[in-house]
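See below for the structure under consideration.
Note that the coordinates shown come from a computational prediction; the quantities given were computed from them, not determined experimentally.
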Amino acid sequence: MIKKVLIILLFVLLGLSLYSVVKYNTFGEDKTVVARHYIDYGMKETGSQNIVTAVVVLYRGFDTLGEVTVLFLAATALGALLHGLRFKSKEKEPSSLIVSTAARYIFPLIILFGTYVFVHGHLTPGGGFPGGVIIASAFLLLFLAYTQKEVSEKTLSLTEGTAGILYVITGLLGLVMLNSFLANFLPKGIPGKLLSAGIIPLIYILIGFKVGAEMTGVLRNLKEEEK
Amino acid sequence: MNGGAMFYGAAIALIIGGIMIAATKRNLIKIIIGLNIMETGVNLLLITTGYISGGTAPIMNKTWTKVVDPIPQALVLTAIVIGVAVTAMALSIVVRIYEKNNSLDIRKIKEMRW
Amino acid sequence: MVNPILIIAISLFGAFFIALISPFVKRTGKIIAFLTIGFDLYIGASLALKSLRTPVIAYTAGFKPPFSINLVVEPFSAVFLLIVLTIGFLISLYYLAHPGEEPEDKFFTLLILNLMGASGIIMTGDLFNLFVFFEITAISSYALVSIRKQKASLEGGIKYLIISSIGSSLFLVAIALLYGQTGTLNIADIAAKLPFINKSVALVAFLLILVAFFVESEIFPFNGWAPDAYQGAGEGISALLAGVISKAGLYALIRLTFTLLDLPLRSKLLIVFGIMTFLIAELSALKQKRVKRMLAYSSIGQMGLVVAIFGIGTIPALKAAIFQGVNHAVSKVALFLLVGMVIKNLGIYKLDDYKGLGRKNPLLGLLFSLAILNLLGFPLFAGFWSKLSILLSTGKQGLYLLLSLILTGAIVEVYYYVRFMKILYERNEEASHLEIHLLEAMPIIAMAAFIIIIGVNPGLITPLFEKASEAIFMKFSYINLVIGG
Amino acid sequence: MVLKIIEYLGIVFGVIILGLLYGGIARKVIARIHRRYGPPFYQNILDVLKLFAKSNEASHGVMFNLGPVIAFTGVLVSLFFIPLGSFRPLFSFEGDIFVVFYLLVVAPLGMALGAGEGANPNATIGIARGLTLMLGYELVFFLSVLAPMIHHRTASIATLVTVQSAFPHWNVFPFFISAFAGLIALHGMMGEKPFDQVIAPHEIASGPMVEYSGKFLGLLQLYHAVGIIVETGLVVDIFFGGGNWLTFILKTFFLFITLVIINAVMPRFRIGQAVKFYWKYPLVISLIGLLIVAIWR
Amino acid sequence: MTLFYILLILFVGGILTYLGAKISKHLGHAIAFTSSTLSLYFHSILYGKLYGFTIDIGLFKLHAVAFSPLSWLIGEIVVVIGFLSILASFKEKHSDFYYLSVQFLLAGMLLFVNAYDSITLFLSLELVTLFSFFGIWDGRKESAVKYLIWNLLGAYFIVAAIAILYRFTGSYFMNEVHYLGKAQKLVLFLLLFAGFAVKSALMPFHVWVKDAYRDSPHSFTALLSGAVSKIGIFGYFLIMFYTFAKFFIGAKYLQLTLAWLGGITALFAGIYATTKDDSKELLAYSSISQLGYVVAGIALATPLSISAGAFQFVGHAIFETLLFFTIASVAYRTGTTRMTELGGLIKKMPVSFIGLLFGIIALSGIPPTVGFPGKWMLYESFIIEGRILLAAVIFTASITAFLYSFRLVYSIFLGPLPSKYEDLKEAPFNFTFPIIVLLIPLLLFGVQPGIVLYYIDRFLSIFGIGKIEHSYSYIVTSLGKFNALYVGIVFAAAFVFAFIVYLLGGRTRKVHQFDNFTAGEVVDESYKLHYVDDFYLFLEREIKGFLKLRIESLYDWLSKFVDGLGDAVRRVYSGSHGDYIVYLGFTLLLLILIYGGKLWF
């Protein structure tokens, strides 16, 4: 008990001392050079209306590649760790009629919405990651509704592998053509139009597929273990 | 209390609270939840850092006047994804541990020490 | 055109490729991983050579830093890149003949990505990108540690995960603090703006970064996870932890404390924590009954020593620390791989079970002895020169207490390692004969050759360390390099 | 040259006869003190002659045979480095007191080696005791001899004899404390009671000599005879001023008889007691003597 | 460059021996023999020359220069004993690696005595440590570990000193210490001294010797005692009269302290030696004791005492090696070195007996052997300097030498012959050859000490210390004079005389050993006639209290303490993740509070 109190005290003190420093950081004030640059020239340089997307996919595209890798990594690791797991699980009840019927209708809509989100990443809030996750949520619904339903591992693997490789190739094309990895080698177009911003929509589409496949894979793996 | 103090305070509280949960709880799932809370706190901290009073989302359509800093938003996007990955990772290990021990109590896995 | 990006791109390509074809063609991961890492090593080596003349910088997305992420390879990172990739290559070579962990394809994907993350940490010039690569390395390490799915590996994995995530969160807090102060994420840019940062924020950010990377580079008291992870992981992965992951953490620690936040208290903190780790770990190793745990503690101790020497911060000390880091990587990886071969053949873990193995298997005994003697710093081996440089550079600064503590720890180290050697060579009729696949032993033989060649003529490699230590010592040349020109 | 050699041979014979006579007289004196009649004073000479005349003696091996020879050699060599009264052998200038110290060890060593091969435990016990006793008296002797040596700044016995040539300059007067310690040490060195644990006839049957008979015993008798002269002579040279051949003989004789008289009335220490005794009293005495010299200088 | 080639021969020879022995044992032997012979030859022809080399290994430059005349002398001792040891070891069972280590060890020692900069010095010292470790390893591993730990401790003292030296002088050369302060010099000197003291087994750093000597291969023990311990002594010479010469010559109290250390070592080790049952343990302590004389001599730093120390040190190399070779030959035939299991071997192994006999005669310092002149000069120099108590201690130590050396010769070669050794033969040529070879200098230097002294003179004059008066056969001091040749002649003459007297007596008849004076009883082997168990029991009884006072118990306590500490410390790793997080948080808080305490206010 005393130990617990001491621990709490310790962390409260730690929090206070952290807070006493954090408050030196200004709040709500205008930002410095880099952010200014993105806001002022971002649209011109990238052709993307959504500056966050511009930052995510181009300026800090390398981070995003890493991010995709992290997800891929998580999916792979999950697959590796849960490989060959067999619970002596209780019998699974099939889900209710309402769920399965609704799922049949909602599933394509969710897919469609997800696709919309990642295709319009450079125009509106959203992008590859939300889109991919939305798609995965459709599959989650599917898994809930049809407990026996399987998604082929091969398909998932193929999708994420292809998307990943294409992403890398896109980046390398930039390297080849503009001497800089992930450089925007396609025409920028007019900001605000669907077909603009060069490689950003392309990459977001790839990311959307990839994230969708990976998240579905994660879900599938986690479902699998319940068998 | 200005807005900064509130957000920063909340962020720090989340971080510390998360760590504290991770340190004191014994149920593995709760520990992972603690870690998640901690990540949320960090994300809040990042976002708060990038906030500009009166700013809107940095989407450069016709209506924008003042936008918030886009960088932290991008960073948080990444950080969230990483958090998800770590959580997934942790859960998969926990599943395995549950398989071996039939328990989620972390005290049961103190075999390796000294 | 050698571009540092290629290392990342090729690795990703390899990893995705395995994912692509693994459902159709099983068990290709081994070969692909070997080829990928080999190619990485080739690029890394040519980069390192090039960087000795002129440092290499690569921008991404066609924008100059600080607006985009850049990768920098200058001599200091070149040395670490070489260590990491070489060790990674040798481990993948080892796995050519040694069965990988199940499922194999995924295991090798993780291995590739782990190495990619480590090389990313070493090359990147952006703070947040560093975090991303750091997480890539970390997540793949959690997976690699627990992939064996035995009780011990899971326990090691979850502890590693918990502690390490807290560490990385603290790092992220530090990033937030620094970003709030400077509005930029580029390491060189922040370093250049250091004089204008609020002192307290800089201090706390410094401490947070210190703690975050102390966790990764196994410094006491942040290393609770390390012995368990080493013990639980497969032997190749333990080697990876010792030779790659901890080295990447060390690189980040040094880079961030020397270049990013060059605060005067660094020296004291690194020395104190380093030597404390060294002593505690060596003492803990003394009473271990399991070989891998003993090696784990020794590894921790060595990291502590290296960190302490880095803390001295003079060019000779930096040089000595790098040298020692290389030696430790080589020896410890060799030891873990050897233990791996023993476990594969005999399935023994206890120290006492090694009785007579060296006598029965001359090659095994010889390699074990070479690695141990190198680690202990005996002449004719590379370790002698690094230990000597360490001691000389310590004495040179007049740090007598540190000197005596290092020597004390070294005596303890010698004691338990020689005891291990004694067990290896004890007379035991029942000791079994090992089937050693030549390919499996190949990386260890290569390391032994390295140890002896460098031991006889350290001049072959020390100029490299000299350049590296100058590079890390001259903070402003780095800043100029990235944002000046 | 030949004359010289003959001269030396003569001296050796003289010393041998003298030593044997001393031994005989000692037996007589002891007997009288014990209220016995005792053998004639020339009995020892007769004994030696008899022993050499015997043949068909038991031998246990080469070293057994050579042991007495080496023992005899040892005392003879020491004899040549000690000034015998006015007669100064050539070599007394070529070696000093430390040389003599070490030469004196040769004889016991020879005896010990010979006795060792005899495979009689009594002999070995005797030797072990002798060596242990040495640990007692040698140090005392060394320290007491140091006093005059340091005072006169010489280690050469010949020089020591020269500087105390006149009666009042005998070293025994200024260094009487050291001389006293030295005499106690001499007592042990000569193996007289209470320090005769080496021989201890009733316990270990004459110790090292137990297996010897015939000419070996004869040689040992000779060794013993010369040993008496060498050891007492050394003390006389250092503390009592040497003198011409007559005074030298007289001095050694009186010194020897004094020791013998003490011997006659004493019981025997256990070996441990003996060593302890030396470490306690004589050692302290000799140290005091040295201290006085140090202060005096 | 000859020296470099010698080293090369030894290194390459070592590797080739190892590889050759994999093909055939005899090939390995042949290579080892060739390389040791070559090194012996090439080193011998270096006599009187200045030689050396410098190689650049990139990180450092290694300089090896025969800057001290002692370099050649000790080098020669090393190669001679090395050659003999390798020759003898052919008859013993060794792993292939043993020959490699011996040759590397020889190379290390040669490098050490010629080392001109501190890096080379330390490198070669470590080489010596490592490869003598492997030599002992071939015998028994526990002792090798003990040896290694202790010698590393010594090496660490030295490397610490080198590091500090480098700090103040900025140079790796050993001689540039002039402008250091007195206290600095003292600390450095003591560090270096302690380092070498471990090698030469000065008390209190002697505890490894007993085990290492007892358990190393028998022919290797000769090398250890004869040559490896000389490394430490050379180190003393190096620091006392070269590196810190000006400082040391003036530091009276330091000299006295070290001399006393030597004296006490000589005495205590002598006493311990009398109580040992194992012949190699006994000799180990005797070796410590004899080297104590050397230290006492050179530490006093007068020309006479240095000559005494140096002479004693040459003598020690000869007789101690000889003794260990005789023990080696006995052990080769009987398989034991325990004195209680031996006895009466004189009839079976006469050559070994003669070797041992002369060995102990020299060991006890009886003229006319090589053991005496050194001791004589030592006493003279002590008395001249007025160090009387020290002289007394040394003298007592030399009496203990009589005690233990007689025990040695009696227990092994004299007394009754156990029946199991009835069919024993003399040891093979490999063992008798070194014995015979070593007898020559033992007697030669005993009657002609000047041969060695002329060499020592060169050392004294080069380092500007002074000079003693001597010729080939005599030595003169202000106290007295010693003519070794005359002693030798008188000895011979007296022996002839005594022998003639012996011949005058009647004939003798050989009888069996059991046919002896036992108060009428008939004895056989069931009677214990060999008096070997607890030889000096009565002495031990008297000094019981002293024998209990052992520095070993302190070291045992220390090692137990470290062990316990290790056990306690590792409990930090409690295995609970919560603890680890608390450590992390606590340390972070602590750091913030220490460095940023003002944040709170």
Side-chain angles (χ1 to χ4, degrees), chain C residues 158-159 162-163 166-167 170 200 203-204 207-208 210-211 215 220-222 224-225 227-228 265 269 280 283-288 297 373 378-380 384-385 388-389 391-392 394-398 400 403-404 407 410-412 414-415 418-419 421-422 425-426 456-463, chain E residues 56-60 104 108 119 122-127 129-130 133 137 141-142 144-145 148-149 152-153 156-157 159-167 170 172 559 562-563 565-577 579-581 583-588 591-592 595-596 598-599:
Chain C
I158 194 79
K159 280 179 193 165
I162 293 171
I163 313 287
I166 293 177
L170 293 181
S200 310
L203 173 81
V204 172
L207 291 178
L208 289 171
L210 203 68
V211 169
V215 171
F220 183 84
F222 313 104
W225 60 272
D228 300 358
L265 67 140
L269 286 180
I280 287 179
L283 280 173
S284 307
L286 202 56
K287 296 286 276 185
Q288 298 305 325
Y297 279 118
L373 292 174
F378 279 104
L380 298 188
F384 175 76
W385 300 111
L388 186 62
S389 328
L391 297 173
L392 289 179
T394 313
K396 176 93 180 139
Q397 294 310 110
Y400 302 133
L403 186 70
S404 54
L407 292 176
I411 286 271
V412 177
V414 169
Y415 178 71
V418 175
R419 193 182 55 187
M421 256 173 82
K422 197 187 88 191
Y425 281 98
E426 231 158 66
V456 174
N457 193 350
L460 286 178
I461 201 165
T462 43
Chain E
D56 191 352
I57 54 160
L59 198 58
F60 300 106
F104 275 37
I119 301 298
F122 181 63
L123 170 71
S124 49
L125 191 75
E126 287 274 71
L127 276 178
T129 303
L130 181 64
F133 161 71
W137 184 261
K141 292 174 183 57
E142 279 86 354
V145 174
L148 185 70
I149 298 289
L152 274 185
L153 189 73
Y156 287 165
F157 281 134
V159 74
I162 289 172
I164 299 171
L165 207 63
Y166 174 56
R167 178 185 187 207
Y172 293 124
S559 77
V562 173
D563 216 43
L565 195 67
D567 219 23
V569 158
R570 73 201 178 104
R571 270 160 220 280
V572 169
Y573 296 97
S574 64
S576 151
H577 80 289
D579 290 352
Y580 300 152
I581 297 177
Y583 295 160
L584 189 151
F586 181 73
T587 318
L588 183 58
L591 286 175
I592 293 180
Y595 290 102
K598 61 178 188 305
L599 297 179

Q) Is it the side chain or the backbone of E:Asp579 that comes within 4.5 Å of chain C heavy atoms, both, or neither? A) neither
(Q) Need one label for E:Phe133: side chain, backbone, both or neither, based on atoms under 4.5 Å from any heavy atom in chain C. (A) side chain
(Q) Can you confirm whether C:Leu403 sits close enough to E:Tyr156 that some side-chain heavy atom of one is under 4.5 Å from a side-chain heavy atom of the other? (A) no
Q: Side-chain contact test, heavy atoms from C-beta onward, threshold under 4.5 Å: evaluate it for E:Leu565 versus C:Leu286 and give yes or no.
A: no
Q: Please round to the nearest 0.5 Å and tell me the distance separating atom CG of C:Leu269 and atom OG1 of E:Thr587.
A: 11.5 Å
Q) So C:Phe220 and E:Tyr573, would you call those rings parallel, tilted or perpendicular, with 30° and 60° as cut-offs? A) perpendicular
Q) Is it the side chain or the backbone of E:Phe60 that comes within 4.5 Å of chain C heavy atoms, both, or neither? A) side chain
Q) Is it the backbone or the side chain of C:Leu207 that comes under 4.5 Å from a heavy atom of chain E, or both, or neither? A) both
Q | C:Leu170 and E:Leu588, any side-chain heavy atoms less than 4.5 Å apart | A | yes
Q) Under a 4.5 Å heavy-atom cut-off, does chain E meet the side chain of C:Ser389, its backbone, both or neither? A) side chain
Q.
Can you tell me which portion of C:Leu388 sits under 4.5 Å from chain E's heavy atoms? Options are side chain, backbone, both or neither.
A. side chain
Q | Region of E:Leu148 in contact with chain C, defined by heavy-atom distances below 4.5 Å | A | side chain
**Q.** Which portion of E:Val569 sits near chain C, non-hydrogen atoms under 4.5 angstrom
**A.** both
Q. Taking the side chain as C-beta and beyond, is there a heavy-atom pair between C:Gln288 and E:Arg570 under 4.5 Å?
A. yes
Q: May I ask you to test the E:Tyr580-C:Ile162 pair for a side-chain heavy-atom distance under 4.5 Å?
A: no
